[in-house]
Amino acid sequence: MKFLVVDDEKDVELLFQQKLRKEIRNGSIELKFAFSGNEALEIMEKSESEEVMYIFSDINMPGMTGLELLDKLKAKFPQIPVSMISAYGDAENYEKAIELGAKEFFVKPINFENLKVELNKIIEDKEPKKE
Amino acid sequence: MGFENVIAFIFLYYLRRQLKTKEIPERWRQPINYGLIIVVSLAILAGSGLVNDLLLKFLSILLISYIVYNIFTHPEFSGTKSLVYAALPLIAVSLIRDIFELAMPEFFKTWDKVFDVASFFAFIWLVAMYITYRKQKKALLAEKIKALEREKEFQITQTLKAKLEVDVAERTAELVKQKEELEKALEELKSAQAQLIQSEKMASLGELTAGIAHEIQNPLNFVNNFSEVSQELIDEMHQELESGDLEEVKAIALDIKQNLEKIHHHGSRADNIVKGMLLHSRSSLGEKTPTDINMLADEYLRLSYHGLRAKDKSFNADFKTDFETNLPKINIVPQDIGRVMLNLINNAFYAVNDQRKKAENSDFKPSVTVNTSMNEKENKIIIKIADNGPGIPKQMKDKIFQPFFTTKPTGQGTGLGLSLSYDIVKAHGGELKVESPAKEGKGLPTLSNGQAGTVFIVTLPI
Ligand SMILES: Nc1ncnc2c1ncn2[C@@H]1O[C@H](COP(=O)(O)OP(=O)(O)O)[C@@H](O)[C@H]1O
Ligand SMILES: [Mg+2]
């Protein structure tokens with residue numbers, strides 16, 4: 001089960017790896033990171049076969065914003081759920097994100113308990129199909 | 001008959017005229033009038049032949065003598081003296097003739113002709129004297145008039161002088177007042193300028209607050225997250241200790257150490273931003289401290305970007321840094337150079353965002369870059385803030401550094417940013433220059449059609 005996390009803050013990688021340490025160790029999930037919208041699109045185009053199942057993206061990034069990325073992802077990979085993470089929990093960003101087809105909207109600081117619940121939902125959804 | 005009466009009449013008449021011209025005091029009016037009456041009476045009496053000729057002659061002589069005496073003894077008649085001198089021979093001849101006529105009629109008869117001749121010459125003398133007297137009098141009068149005129153002129157100049165002095169005093173007072181007013185105005189201007197600079201600082205601080213909030217929130221999130229996750233890791237570590245998996249324990253310990261470093265790193269990041277914000281708002285003269293230009297540029301680039309993002313949701317632009325990694329620290333007032341960077345970066349972001357709105361084609365990629373480099377030969381650090389915005393028209397380039405020059409709508413620009421930046425850089429012994437249209441180069445945004453681009457170049461001595 002592969003997840004892609006997009007954020008311009010590099011330390012997010014370390015944080016996710018530690019927060020999801022157990023899940024990574026027991027192999028139930030695999031994390032990939034991108035530090036800009038462009039990088040995320042590149043990864044997606046290359047690793048389509050590897051099947052990224054879920055994308056988390058920060059909104060506030062220089063260059064391509066998370067919302068622009070969301071728009072592009074939804075056009076190219078409509079089947080992959082994308083959730084947004086924003087430092088500003090304002091209505092404007094939230095509505096825009098939902099309108100563009102975001103699955104969930106997380107506000108920073110990320111509540112990893114909620115995030116894990118979301119992850120487990122995805123995993124459970126997918127696993128019966130595999131069996 | 002003799003000339004005594006005629007001469008007396010002329011004298012008196014003359015004195016009367018002088019009365020009118022005030023050359024003789026008023027108290028002489030009566031005596032002169034009496035004298036005239038007497039002369040006229042004597043003449044009439046002499047003509048009528050009723051009174052003894054001898055007596056009349058005697059009276060006439062007495063009268064003329066009396067008049068001559070008075071004229072000589074009173075200084076107020078000095079003006080008439082010359083007339084008397086003129087008449088004296090005639091009076092004398094007349095007197096002598098009368099005396100001879102009365103005392104020796106025989107002798108008189110034979111020498112009659114001599115007396116006539118003498119009288120004639122005395123008369124000529126009188127006329128000649130009178131004419132010179134008139135001339136002198138005229139000259140005197142002219143002199144007097146001239147003197148009067150001179151006096152008048154003097155008076156006029158005197159009054160003019162007095163008036164001038166008053167005028168000068170007035171003008172001086174006015175000038176002093178004006179000078180004081182100007183000094184006051186200058187004072188007011190100075191304090192207004194100080195206030196403007198302060199409010200520009202505050203305005204840019206206001207622009208910053210959103211960016212600051214974001215820039216503090218982010219590291220704080222990391223601090224919280226990493227400390228939380230470290231607690232979880234310690235719990236896990238206990239479990240692994242109990243199960244005896246020492247390898248895993250070591251791995252976890254390493255992670256915890258790394259997390260503590262991260263906590264420290266993000267804590268200092270927030271600390272720096274708060275310190276920078278305080279420095280930025282401080283109005284007192286900053287002190288020069290050895291500063292890492294790359295760190296300063298990076299900090300303000302992020303502050304500017306997040307500030308603009310938070311203020312305007314539609315704003316977006318890419319930003320890149322291209323730093324020379326071996327820059328020495330240089331001695332600058334960090335908050336001042338920080339303000340310069342903030343102004344230049346804000347302007348650049350504004351310009352590219354403007355271009356993005358105008359272009360409305362999806363191909364345009366708004367981009368701002370900050371590039372640092374070193375000129376070792378000249379001992380200088382060069383900071384380039386470049387954008388791929390619309391550029392600055394040639395005829396506007398001289399004006400942008402002038403205070404209050406702005407092309408932005410009210411509320412969005414003060415027009416003070418570049419002028420203050422220019423002053424700050426100059427105070428550091430550096431240079432602030434603009435290049436537009438921008439030449440493409442290493443670390444500068446790529447330009448496509450329709451984008452002139454602008455590069456601001458700050459040069460600071462090492
Ligand atoms: N990077 C840039 N690109 C295009 N125009 C610029 C740029 N920087 C400054 N200018 C022009 O210079 C003017 C003055 O800038 P500034 O002194 O910072 O005042 P303000 O930003 O408040 O208008 C701006 O209004 C703009 O017209
Ligand atoms: Mg400005």
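Proteins come first, then strands; the chains are lettered A, B, ... in the order of their sequence lines, and each starts at number 1. Atoms considered below: every heavy atom in the structure, side chains included; atoms not considered: hydrogens, waters and symmetry mates. Please read these numbers as outputs of a predicted model, since none were measured by experiment.
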If one checks every heavy atom of B:F226 against chain A at 4.5 Å, the contacting part turns out to be both
Under a 4.0 Å threshold between the charged nitrogen and the carboxylate oxygen, would B:E232 count as salt-bridged to A:K116? no
Between B:I252 and chain A, which part of the residue has a heavy atom less than 4.5 Å away: side chain, backbone, both or neither? both
Top contributor to chain A interface from B:N259, B:N218, B:N221 [non-hydrogen pairs under 4.5 Å]: B:N221
Flag yes if more than 12 heavy atoms outside A:Y94 fall under 6.0 Å of its OH atom; otherwise flag no. no
What residues of residues 11-25 of chain A sit under 4.5 Å from chain B when only non-hydrogen atoms are counted? A:D11, A:V12, A:L14, A:L15, A:Q18, A:K19, A:R21, A:K22, A:R25
Show the nearest heavy-atom pair for residues B:Y305 and A:M61, with the distance to one decimal. OH-O, 2.9 Å
In terms of heavy-atom contacts, does NZ of B:K250 have more than 12 from other residues, nucleotides or ligands at under 6.0 Å? no
Pair A:E68, B:N316 - check side chain to side chain contact (heavy atoms under 4.5 Å, CB included), show working. CA-CA 10 Å; A:E68 282 167 359; B:N316 196 34; 4.0 Å; yes
Are there more than 12 heavy atoms of other residues, nucleotides or ligands under 6.0 Å from atom NE2 of B:H265? yes
Which atoms of A:L67 come close to chain B, meaning under 4.5 Å heavy atom to heavy atom: side chain ones, backbone ones, both, or neither? neither
Is there a side-chain contact between A:T65 and B:R309 (heavy atoms, below 4.5 Å)? yes
